[in-house]
J.: 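One structure follows; several queries about it will come next.
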Amino acid sequence: MADSRLTSPPILHRPTEGRPEPRMELPELNIQADAGLPPTADEVVVFQATGVNVHYGKFLALKDVDLAIHRNEITALIGPSGCGKSTFLRCLNRMNDLIPGAEVGGTITFHGEDMYAPDVDPVDLRRRIGMVFQKPNPFPKSIRENLSFGMKVNGIRVDDDRIEQVLRHAALWDEVKDKLDQDAYALSGGQQQRLCIARAIAVNPEVILMDEPCSALDPISTLAIEDLMRTLREEYTIVIVTHNMQQAARVSDRTAFFTVQQLDGGDRHGILAEYNATERVFRAPEDPRTQDYITGRFG
Amino acid sequence: MTTQQLPEPAGLRARRFRPAEQGVVLLLGAAATISVLITVGIVFTLIEEGSGFWGSVSLVDFFTGTEWFPVDRVYGVLPLLSASVLIAVLAALVAVPIGIGSAIYLSEYADERTRRVVKPILELLAGMPTIVLGFFALESVTPALQGAGIIPSDQLFNALAAGIVVGLLIVPLIASLSEDAFRAVPAAMREGAYGLGATKRVVATRIVFPAALSGVMASIVLALSRAIGETMAVTLAAGTQPNFTADPTEPVQTITAVIVAVSKGEATRGSELYQSIFAIGLVLFVVTMLINIAATALVRRFRTVYH
């Protein structure tokens, strides 16, 4: 099974003429037998974005996004560079607040409440919505301190059992159990990234946002993280930005395809082109731009 | 495909003489050599000019003597050394909190516009002529201390006022270098902490500060050696009275102040008093060098490696 994932067919597939040929053979999809159906009404929506615009200064980076993210699912955000997928992800824990000049318009609700209401505390919000970044960014401290930092910040009691539990959860325990007090930078890149995931889940978030978590990792580490994501999905809601379409196809339940809209005036901004169950997006995309992207004709 | 006779490949063994390259190497090497030679030359002068002094004054008396009274040929370095150290410590007590505080503010809290205005102003303080700071101590700091009842109202010279103005002098050094160290901490590390629900205060104190510690230490030590060698402000503000004391309200005379006093006075070249200033100059040099060595060791020990 692991092999089939590694040897999935190349994504570049250029039809010679006329209508595109039947699309590429898909890598094995990790979705339920009944997946591929449109979202049903009784599923719990964690985030609901409505008419979201993001400006960086005068530049409109992301325009008019409507998107619902469902509980205990993995939602993948894909699309070409500059399409605003990471920007959107960073709206979900108000990380954009930290960027001078960034402004989020429209509404995003978290469990039905407006996340950007003036009386919402972004610090408390980020405690409930964890984040894993593109490059592993452990703190320059020991493995144990990397985990205890967030726990102390959140008033969670730090003890050895909890450390072990979190590391087991992140599939890292066996590799680090004898060196908890060593510097986190002594770990390999893949281990560091799993430590960052452990660090995020140590504070009991409801959601984990992942911004291209595997882009700096080798294929084996990537698969380890993907396996971990499938496990974590039982307890957490995961939103992942990825450049890797096969990764989106392998791990996610739903896929949102963002793209760049080029206006006549030369302005360009990111838009959400298509959002649907992952299998639907990859097998029968409704938007021609999605089709072009997943068949490798652009992006 | 036609077979074509290719030209014979050029031989390798034709090493060229490039005068411009050689010239540049020579010039740059000379520049580096000159700065090394100057340092060596200064040390040599200190030793050479002071050598006669060691013949007439015993080393033990020099290093353990608690009185500096050249008229009676009493040359104890301790009151001078302690004065220099006292003022450097007072300066550090003033400058470390203010310097690090402003560095954290500038790097973590201030917006870009504030930083662009504040940092150059702060650095302007470093370029303040120290004689101006000396008068500032005499005209403003000491009267204020007298008003507060810390210094007796009939006493003008004291170590505290000198320490405060030297502290002000080295604030920009600490602030500017520490701010550079804070800003060198990768943004990804801050984001990692913010993403866990850390507040700005926690990110600044628990993540950024420890990660930048080596740079902060380096800035403090650099500022200390600047403070210990400071001359004009302390000569004006602290007085000319060799005084072996740790009490900052008393007047003291630092090594540098003695050197000024002697060299502008009537000491004839080659006299014992004249030689003594080279001896204490050597002490000052060694102390500064030890501080720098300690700094290098500390920085190496506290260095955090992040990628």
Side-chain angles (χ1 to χ4, degrees), chain A residues 89-90 92-101 121-141 145-156 183-187 189 192-193 195-205 207-211 216, chain B residues 100 103-119 178-219 298-307:
Chain A
L89 188 78
R90 287 165 156 266
L92 299 180
N93 66 345
R94 293 191 55 174
M95 215 58 169
N96 283 331
D97 290 17
L98 302 171
I99 300 170
D121 188 328
V123 171
D124 288 337
L125 195 69
R126 291 188 202 114
R127 292 178 182 185
R128 295 171 66 180
I129 304 166
M131 190 160 199
V132 176
F133 298 84
Q134 187 167 357
K135 254 181 69 186
N137 60 344
F139 304 128
K141 300 169 185 281
E145 287 167 323
N146 262 279
L147 299 176
S148 62
F149 174 82
M151 292 158 78
K152 283 180 192 156
V153 162
N154 289 283
I156 300 169
D183 193 54
Y185 281 110
L187 299 175
Q192 285 182 21
Q193 195 61 303
L195 179 64
C196 290
I197 295 175
R199 182 174 78 180
I201 60 185
V203 302
N204 290 322
V207 181
I208 304 175
L209 308 177
M210 297 183 168
D211 190 358
Chain B
I100 294 179
I104 290 181
Y105 173 74
L106 286 177
S107 109
E108 304 302 308
Y109 289 90
D111 59 37
E112 193 55 43
R113 197 179 312 161
T114 313
R115 182 174 22 240
R116 269 209 303 270
V117 174
V118 172
K119 209 177 173 186
S178 297
E179 201 237 339
D180 291 344
F182 290 145
R183 297 203 2 124
V185 174
M189 215 168 278
R190 290 187 180 81
E191 289 192 330
Y194 283 124
L196 292 168
T199 58
K200 241 177 182 174
R201 178 183 59 81
V202 170
V203 172
T205 56
R206 301 273 315 279
I207 300 295
V208 177
F209 183 77
L213 191 60
S214 67
V216 174
M217 300 284 271
S219 78
L298 273 176
V299 166
R300 203 166 289 156
R301 181 166 145 57
F302 283 106
R303 183 172 48 195
T304 31
V305 185
Y306 35 72
H307 314 274

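Each chain gets a letter, A, B and so on, in the order its sequence line appears, and its residues count up from 1. All values below come from the heavy atoms of this structure, side chains included, with hydrogens, waters and symmetry mates left out.
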J.: Among residues 200-209 of chain B, which ones touch chain A with a heavy-atom distance under 4.5 Å?
T.: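 The stretch touches chain A at B:V202, B:R206, B:I207.
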J.: Under 4.5 Å from any heavy atom of chain A, what part of B:E191 do you find: side chain, backbone, both or neither?
T.: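 Contact with chain A is through both the backbone and side chain of B:E191.
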J.: Quickly, which of A:N154, A:N93, A:D121 forms a side-chain hydrogen bond (donor to acceptor under 3.5 Å, both in side chains) with A:R127? Name it, please.
T.: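 Output: one option passes, namely A:N154.
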J.: Using non-hydrogen atoms only, which part of B:A187 is less than 4.5 Å away from chain A: side chain, backbone, both, or neither?
T.: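 No part of it gets close to chain A.
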J.: State, with a plain yes or no, whether a side-chain heavy atom of A:S148 is found less than 4.5 Å away from one of A:K141.
T.: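 Not in contact.
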J.: Does the A:D211 side chain pair with the main chain of A:F133, one donor and one acceptor, at a distance under 3.5 Å?
T.: no
J.: Measure A:I129 against the heavy atoms of chain B and call it side chain, backbone, both or neither at under 4.5 Å.
T.: backbone
J.: Looking at A:L187, is its backbone amide N or carbonyl O close enough to the side chain of A:Q192 to form a donor-acceptor pair, meaning the two atoms are under 3.5 Å apart?
T.: yes
J.: Considering only heavy atoms, which portion of A:R199 lies under 4.5 Å from any heavy atom of chain B: side chain, backbone, both, or neither?
T.: both
J.: Within a strict 4.5 Å, meaning less than it, do heavy atoms of the A:V132 and A:Q193 side chains meet?
T.: yes
J.: Do side-chain atoms of B:R115 reach the backbone of B:L106 as a donor and acceptor pair under 3.5 angstrom?
T.: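 Indeed, once roles are kept as given, a pair shorter than 3.5 Å links the two residues.
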J.: Once salt bridge (Lys or Arg N to Asp or Glu O under 4.0 Å) is applied, what residue pairs with a partner in residues 181-190 of chain B remain, sequence neighbours excluded?
T.: B:E108-B:R190, B:E179-B:R183
J.: So for A:P122, is it side chain, backbone, both, or neither that comes closer than 4.5 Å to the heavy atoms of chain B?
T.: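 Answer is neither: A:P122 stays 4.5 Å or more from chain B.
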J.: In the structure I gave you, are the side-chain heavy atoms of A:N204 and A:I156 within less than 4.5 Å of one another anywhere?
T.: yes
